[in-house]
Novice: 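Following this message is one structure expressed as structure tokens.
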Amino acid sequence: MERNTRQRDAIRQVFEEVPRPLGPTEVLEYGRSHVAKLGIATVYRTINSLVENGWLVPVELPGEAPRYERSGSAHHHHFRCRECTRVFEIHGCPGDLRDLTPAGFRLESHEVVLYGLCSKCAA
């Protein structure tokens, strides 16, 4: 039981240390710096549990497997690097998009995803 607790703590620590949405394989990579024998099945189980209890939220990008970030952030959007495929938070929002909504439609939410090269890949 202690081993699972250490692994779960390592996974939480990864999300506290890395300030961007992460996929399970990224969590595994970073988590192994805390617990060398961390396994992908444990990562998936822990992520699912953390989503269920509201500590994490999924970040859905069109055509991709979800990534996850800590809950509680203000409304924001994301930037995906086309080179390294990492996803970053964009703080801020273009605002009210109702003017773009077709006549007779009711806008309930929106998600803006920017694509390009992150600073590391652009250099």
Side-chain angles (χ1 to χ4, degrees):
M1 196 65 133
E2 180 181 335
R3 182 173 175 211
N4 288 336
T5 301
R6 278 192 17 241
Q7 291 174 336
R8 184 181 188 90
D9 289 345
I11 291 167
R12 279 181 179 262
Q13 190 171 354
V14 166
F15 282 103
E16 290 171 350
E17 292 173 352
V18 181
R20 61 182 183 81
L22 300 171
T25 56
E26 291 175 298
V27 174
L28 178 65
E29 178 185 332
Y30 289 116
R32 284 187 171 161
S33 68
H34 300 290
V35 177
K37 293 186 178 185
L38 182 63
I40 192 68
T42 301
V43 169
Y44 276 105
R45 277 193 308 271
T46 302
I47 286 173
N48 288 336
S49 173
L50 293 173
V51 168
E52 283 178 15
N53 74 26
W55 198 79
L56 289 178
V57 294
V59 173
E60 307 276 348
L61 298 179
E64 296 190 23
R67 291 171 172 84
Y68 302 89
E69 64 187 6
R70 294 204 38 206
S71 63
S73 295
H75 176 74
H76 64 279
H77 299 289
H78 297 94
F79 180 100
R80 183 189 178 277
C81 179
R82 289 196 186 274
E83 183 73 27
C84 67
T85 72
R86 292 183 300 168
V87 174
F88 302 87
E89 289 186 10
I90 299 170
H91 299 285
C93 179
D96 189 358
L97 300 176
R98 280 181 265 189
D99 291 343
L100 299 176
T101 305
F105 286 54
R106 182 178 66 203
L107 179 66
E108 294 180 344
S109 68
H110 67 271
E111 177 63 39
V112 175
V113 180
L114 302 178
Y115 296 89
L117 297 177
C118 69
S119 59
K120 182 178 175 184
C121 292

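Numbers here are sequence positions counted from 1. What you are looking at is a predicted structure, and each value in this text was computed from that prediction instead of being measured.
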Novice: Give the minimum heavy-atom separation between Arg70 and Trp55, together with the two atoms involved.
Specialist: NE-CZ2, 3.4 Å
Novice: Are Leu100 and Leu107 linked, directly or through other ILVMFWY residues, by side chains that come within less than 4.5 angstrom of each other?
Specialist: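 Leu100 and Leu107: one cluster.
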Novice: Looking only at non-hydrogen atoms, find the nearest pair between Leu22 and Val18 and report the distance.
Specialist: CD2-CG1, 3.7 Å
Novice: Applying ring-ring contact (aromatic ring centres under 6.0 Å, His included), name anything that partners His75, two or more places apart in sequence or on another chain.
Specialist: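 By the ring-ring contact (aromatic ring centres under 6.0 Å, His included) rule, His75 matches His77, His110.
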Novice: If you apply the rule side chain to side chain donor-acceptor pair (under 3.5 Å), what do you find for Arg45 with Thr42, and how did you get there?
Specialist: CA-CA 5 Å; Arg45 277 193 308 271; Thr42 301; 3.2 Å; yes
Novice: Under the side-chain contact (heavy atoms from CB on, under 4.5 Å) criterion, do Arg86 and Cys118 qualify, and how do the steps go?
Specialist: CA-CA 8 Å; Arg86 292 183 300 168; Cys118 69; 3.4 Å; yes
Novice: Please report the closest heavy-atom contact between Gly39 and Arg32, naming both atoms and the distance.
Specialist: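 Smallest interatomic distance, heavy atoms only, reads CA-NH2, 4.5 Å.
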Novice: Does Leu56 share a hydrophobic cluster with Val87, counting links as ILVMFWY side-chain heavy atoms below 4.5 Å and allowing steps through other members?
Specialist: no
Novice: Please give me the minimum heavy-atom distance between Ser71 and Val57, naming the atom from each residue.
Specialist: CB-CG1, 3.7 Å
Novice: Kindly give the heavy-atom pair with the smallest separation between Pro58 and Val51, and that separation in Å.
Specialist: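 Here Pro58 and Val51 meet closest at CD-CG1, 4.4 Å.
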Novice: What I'd like to find out is whether the side chain of Ile11 reaches to under 4.5 Å of the side chain of Leu38, using heavy atoms alone.
Specialist: yes
Novice: Walk me through it: do Glu111 and His78 pass the test side-chain contact (heavy atoms from CB on, under 4.5 Å)?
Specialist: CA-CA 8 Å; Glu111 177 63 39; His78 297 94; 3.3 Å; yes
Novice: Is it possible for you to say whether Tyr30 and Ile40 belong to one hydrophobic cluster, with membership spreading through side-chain heavy-atom contacts below 4.5 Å?
Specialist: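 In one cluster: yes.
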Novice: Quick check for you: to the nearest 0.5 Å, what is the distance between Asp9 atom CG and Gln13 atom CD?
Specialist: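 These two atoms lie 8.0 Å from each other.
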Novice: Under a 4.5 Å cut-off applied to non-hydrogen side-chain atoms, are Arg8 and Ser49 in contact?
Specialist: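 The answer is yes, as the side chains (C-beta and beyond) meet within the 4.5 Å cut-off.
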Novice: Please give me the minimum heavy-atom distance between Ile90 and His76, naming the atom from each residue.
Specialist: O-CB, 3.2 Å
Novice: If hydrophobic clusters are built from ILVMFWY residues whose side chains come within less than 4.5 Å, do Val59 and Tyr68 share one?
Specialist: no
Novice: Table please: side-chain donor-acceptor pairs of residues 60-67 below 3.5 Å, with sequence neighbours left out.
Specialist:
{"from": "Glu64", "atom 1": "OE1", "to": "Arg67", "atom 2": "NH1", "distance (Å)": "2.6"}
{"from": "Glu64", "atom 1": "OE1", "to": "Arg67", "atom 2": "NH2", "distance (Å)": "3.4"}
{"from": "Glu64", "atom 1": "OE1", "to": "Arg80", "atom 2": "NE", "distance (Å)": "3.3"}
{"from": "Glu64", "atom 1": "OE2", "to": "Arg80", "atom 2": "NE", "distance (Å)": "2.5"}
{"from": "Arg67", "atom 1": "NH2", "to": "Thr85", "atom 2": "O", "distance (Å)": "2.8"}

Novice: In Å and rounded to the nearest 0.5 Å, what is the NZ to SG distance from Lys120 to Cys84?
Specialist: 7.5 Å
Novice: Phe88, Leu114: one ILVMFWY side-chain cluster at the under-4.5 Å cut-off?
Specialist: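 In one cluster with Phe88: Leu114, yes.
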